[in-house]
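Hydrogens, waters and symmetry mates play no part in the numbers below; they use all other heavy atoms, side chains included. Residue indices begin at 1 and follow the sequence shown.
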Amino acid sequence: MSEHSPAPTSTRSVYGFVLYIGSYTLLLIYLIWAYTPTSWLHSLGLTYWPQKYWAIAIPVFVCCCLVIFALLIYPGISLMMTPDLSSLQTIHDEHTSQPKPALKGSIPPIYDIPISNVCHKLYLRRSN
């Protein structure tokens, strides 16, 4: 078996089990801390805990970061990685499949659509 194979190994299964148990343990501790009144925690001798404000603030902050990433950063990165129409990466090479004639009434074979055709269909308005 290859060292870089995604197949499960005994080491990966142990790490996975530890992460599974650890994450549920941390979730349980978080929920107990968030929902248990502070006076009960103090009566148990647990006095050094963050304020209850952070029980709401941290998940809201994480959700806002995820939304900002999903709506702004990730599409921005995708747009920055897209080559221009005049780029050498958009020119046809030896691996480009050209359209071949299809039999009448059949499904045409797969081929690469030129980017200029795609842009004309998507972004140019039809004049009536």
What distance do [X] atom [atom1] and [Y] atom [atom2] have between them, rounded to the nearest 0.5 Å?
X      : Y     : atom1 : atom2 : value
Leu44  : Thr47 : CG    : OG1   : 11.0 Å
Leu26  : Leu19 : CG    : CG    : 10.5 Å
Ile113 : Ser97 : CD1   : OG    : 10.0 Å
Ile29  : Tyr24 : CD1   : OH    : 15.0 Å

On a heavy-atom basis, which atom in Ile56 and which in Pro59 lie closest, and how many Å separate them?
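Scanning both residues, the minimum pair turns out to be O-CD, 3.4 Å.
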If you compare all heavy atoms of Ala102 against all heavy atoms of Pro109, which two are closest, and at what distance to 0.1 Å?
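Taking Ala102 first and Pro109 second, the nearest heavy atoms are CB-CD, 3.9 Å.
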ILVMFWY network linking [X] to [Y], side-chain heavy atoms under 4.5 angstrom:
X     : Y     : result
Met80 : Phe69 : no
Leu72 : Ile77 : yes
Val18 : Leu27 : no
Tyr74 : Met81 : yes
Trp54 : Leu46 : yes

Give a yes or no on this: more than 12 heavy atoms of other residues, nucleotides or ligands lie within 6.0 Å of atom [atom1] of [X].
X      : atom1 : value
Leu28  : CG    : yes
Ile107 : CD1   : no
Ile21  : CD1   : yes

Which of parallel (below 30°), tilted (30 to 60°) and perpendicular (above 60°) describes Trp33 and Trp49?
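It falls in the parallel class, under 30°.
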Heavy-atom donor-acceptor pair, Tyr30 side chain to Ala55 backbone, under 3.5 Å:
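Such a contact is found between Tyr30 side chain and Ala55 backbone.
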Lys52 (side chain) donor-acceptor with Thr36 (main chain) under 3.5 angstrom:
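Yes, because the side chain of Lys52 sits within donor-acceptor range (under 3.5 Å) of the backbone of Thr36.
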